[in-house]
Amino acid sequence: MRRFSLIGRLGPDDKGKINLVQSDSDVFEIDFLDGDLRMGFGIGHALDQLAFLGLQPSEKGIDLVVLAALVNAGDTRVSRKLNAQDGWTREIDLYVPVSAVAAWTESTGSIESMLRFLSGDRWRVFFHDRTKRTRTLAVAPKRLAIDGLTKVSLLSGGLDSLIGAVDLLSGSERPLFVSHYWDSETAKAQAYILDRLENRFGKEAFKSLRVRLGFDKHHLTTGETENTQRGRSFLFYSLATLAASAIDGRTTVDIPENGLIALNVPLDPLRFGALSTRTAHPHFIASMQRLIDALTLDVELNNPYRHMTKGEMVANCADKSFLEKIVANSMSCSSPAKARYKKLSPRHCGYCVPCLIRRASLEVGLDGDDETLYMVEDLKGHILASDQPEGEHVRSFQLMAKRIRAKPDLAKILVHKPGPLHDKPDEIPDYADVFRRGVLEVAELLKGVRARPGG
């Protein structure tokens with residue numbers, strides 16, 4: 001098993017000796033400054049976009065993104081299969097250049113705990129000072145700040161963030177949408193949605209920040225890749241926090257995610273812990289908020305849909321007729337590229353957990369008017385093998401719905417399985433209720449769908 005140490009550097013002046021804690025680890029250095037002494041890997045482009053809007057973020061916000069970028073590098077370029085004794089847990093040390101070491105070292109323990117909860121890996125984080133020449137990395141604005149931005153909202157290209165955007169723009173908000181992408185399908189969905197929103201609500205109704213940030217084989221030469229990407233939400237939230245830190249006053253970052261996916265309760269005993277994503281789990285959001293507060297960034301994270309199912313989000317969308325026109329081009333699938341194996345253009349598979357929840361929500365909220373392209377167009381067309389991907393999650397939802405119908409109070413116990421909910425104990429009954437409603441919402445879609453072992 002290989003252990004990894006990733007060292008962040010900031011240009012030719014950053015040559016200080018790093019005392020490795022794990023001396024037998026494989027060491028890789030990532031220089032975040034390009035040849036022009038500009039932040040690379042998409043971070044510089046993000047800073048340029050903010051400067052174009054007349055916004056200058058906090059240096060601690062930039063530190064946060066550098067940390068998140070190093071997490072992303074380890075998360076995507078270190079194989080779980082090759083480097084974990086249990087097939088999942090990797091051991092990765094990060095050495096992060098920051099603007100104020102003291103402000104960061106106080107939060108080291110909580111950062112490591114948060115990352116372990118999110119990804120299931122053992123992370124150790126160490127901080128060192130930036131060089132004198134890189135004490136300030138923010139790009140100075142050359143224009144007055146865009147006036148009237150009221151909040152920041154994540155826009156991933158998925159259905160939930162699309163509904164979040166429509167609801168904000170239909171009200172009195174003037175948001176700054178923040179998007180992160182790496183693959184072409186995500187980029188295409190985001191670009192389409194932003195174009196349609198501008199066409200519907202006007203060019204000045206919102207502003208957007210789109211960041212392509214990631215690491216390929218040329219950036220980090222581990223010779224490995226990893227597709228689980230459990231740490232991606234830390235990068236997404238960090239980019240949004242960076243943007244929010246540039247807006248005057250306390251700024252809210254909306255994280256539009258339905259309660260069923262946010263909790264992501266394992267539907268079967270084999271998907272405990274980080275095997276199920278914790279992208280918007282309440283404990284992760286609360287942990288991230290504690291870090292933001294410790295850094296004295298005037299930013300608040302909020303998931304306004306945490307007690308709603310996806311179907312309820314669709315049904316209550318502030319402009320449902322507009323949503324219906326463009327919803328097919330949003331992207332919910334966990335791996336749309338797998339359609340290529342069947343010689344099809346990238347599309348929703350139709351049978352992963354996010355696809356099933358999406359299909360059920362459109363069945364409920366749009367009365368079944370779903371023009372999304374799915375690899376498996378008709379779930380009732382044939383018997384699905386539950387020991388194969390096409391039927392695995394169908395059967396899991398059906399069995400969970402059966403358990404919930406037989407013992408409704410079981411939901412109050414199951415919601416604790418993905419992670420602690422002690423951060424907001426008064427909301428536990430609401431989480432249990434949205435989990436129950438969400439499972440039954442999908443179960444309605446799956447009525448008459450046949451799934452059994454071996455097909």
Side-chain angles (χ1 to χ4, degrees), residues 57-58 60-61 64-65 68 110 114 117-118 148-180 206-209 232-264 277-310 312-314 316-318 415 418-431 433-435 438:
S58 163
K60 291 178 185 175
L64 181 62
V65 172
S110 59
M114 174 180 67
F117 174 78
L118 183 63
L149 293 175
T150 57
K151 65 168 53 182
V152 171
S153 186
L154 303 185
L155 196 148
S156 65
L159 176 53
D160 286 20
S161 68
L162 168 58
I163 293 171
V166 172
D167 286 353
L168 288 176
L169 294 172
S170 298
S172 57
E173 303 287 358
R174 191 184 186 212
L176 171 61
F177 294 123
V178 174
S179 303
H180 166 258
F206 64 91
K207 297 298 175 183
S208 66
L209 172 71
R232 64 187 180 274
S233 58
F234 180 50
L235 177 59
F236 204 177
Y237 292 10
S238 297
L239 289 168
T241 301
L242 173 78
S245 75
I247 299 174
D248 287 338
R250 189 161 182 83
T251 303
T252 298
V253 173
D254 273 358
I255 302 165
E257 188 73 82
N258 70 87
L260 182 60
I261 282 287
L263 290 171
N264 210 2
T277 60
R278 289 161 164 172
T279 301
H281 190 278
H283 180 65
F284 171 61
I285 293 177
S287 299
M288 186 76 181
Q289 184 66 60
R290 282 191 287 272
L291 174 59
I292 290 170
D293 292 343
L295 296 174
T296 63
L297 296 172
D298 207 4
V299 177
E300 182 174 359
L301 305 180
N302 176 53
N303 179 2
Y305 302 102
R306 62 191 181 277
H307 299 149
M308 296 177 67
T309 69
K310 203 182 195 84
E312 290 163 355
M313 288 180 66
V314 174
N316 293 297
C317 179
V415 291
L421 291 172
H422 55 69
D423 300 289
K424 292 186 177 181
D426 57 317
E427 295 190 24
I428 291 175
D430 296 311
Y431 287 128
D433 197 41
V434 77
F435 168 65

Query - From CA spacing to verdict: side chain to side chain contact (heavy atoms under 4.5 Å, CB included), His283, Met114 - result: CA-CA 9 Å; His283 180 65; Met114 174 180 67; over 6 Å; no
**Report entry** Worked verdict on Tyr431 versus His307 for side chain to side chain contact (heavy atoms under 4.5 Å, CB included)
**Finding:** CA-CA 6 Å; Tyr431 287 128; His307 299 149; 3.9 Å; yes
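- When all heavy atoms of Pro429 and Pro425 are compared, the closest pair comes out as CD-O, 4.1 Å.
- The line from CE of Met313 to CD1 of Ile163 is 4.5 Å long, rounded to the nearest 0.5 Å.
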Query - Evaluation steps, side chain to side chain contact (heavy atoms under 4.5 Å, CB included), between Leu260 and Val434 - result: CA-CA 6 Å; Leu260 182 60; Val434 77; 5.8 Å; no
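- Not a single donor-acceptor pair under 3.5 Å links the side chain of Arg306 to the backbone N or O of Ala262.
- When all heavy atoms of Leu176 and Ala243 are compared, the closest pair comes out as CD2-CB, 3.8 Å.
- Nearest heavy atom pair, residue Pro282 against residue Leu421, reads CG-CD2, 3.9 Å.
- Checked by atom type and distance alone, the side chain of Thr279 never pairs as donor or acceptor with a backbone atom of Ser233 at under 3.5 Å.
- Counting all heavy atoms, side chain and backbone alike, Pro420 lies closest to His422 at CB-CD2, 3.3 Å.
- If you take CZ on Phe117 and OG on Ser110, they are separated by 14.5 Å, rounding to the nearest 0.5 Å.
- To the nearest 0.5 Å, atom CD1 of residue Ile428 and atom CG of residue Asp433 are 13.5 Å apart.
- Gln289 places a side-chain N or O within 3.5 Å of a backbone atom of Val299 that can act as its donor or acceptor partner.
- Panel note: side chain Ser245, backbone Gly61; no donor-acceptor pair is recorded below 3.5 Å.
- Screening Asp254, Leu242, Leu209 for a side-chain contact (heavy atoms from CB on, under 4.5 Å) with Val178, the sole residue that qualifies is Leu209.
- For Asp167 (side chain) and Ala318 (main-chain N/O), a donor-acceptor pair under 3.5 Å exists by modelled atom type.
- A distance of 5.0 Å separates CG of Asn258 from NZ of Lys310, quoted to the nearest 0.5 Å.
- Residue Leu301 holds its CG atom at 4.0 Å from CD1 of Ile292, rounded to the nearest 0.5 Å.
- Side chain of Asp298 to main chain of Arg250: a donor-acceptor pair is present (N/O by atom type, distance under 3.5 Å, no hydrogens or angles).
- A donor-acceptor distance shorter than 3.5 angstrom exists from the side chain of Thr251 to the backbone of Gly249, with no hydrogens or angles considered.
- A side-chain contact (heavy atoms from CB on, under 4.5 Å) with Tyr237 is found for exactly one of Leu291, Leu64, Leu154, Val253, namely Leu154.
- Contact between Leu149 and Lys207 at its shortest, heavy atoms only, is CD2-CG, 4.1 Å.
- The shortest heavy-atom contact between His180 and Phe236 is N-CE2, 3.8 Å.
- In terms of modelled atom types and a separation under 3.5 Å, the side chain of Ser208 and the main chain of Phe177 share no donor-acceptor contact.
- Taking CG from Leu162 and OG from Ser156, the interatomic distance works out to 9.0 Å, rounded to the nearest 0.5 Å.
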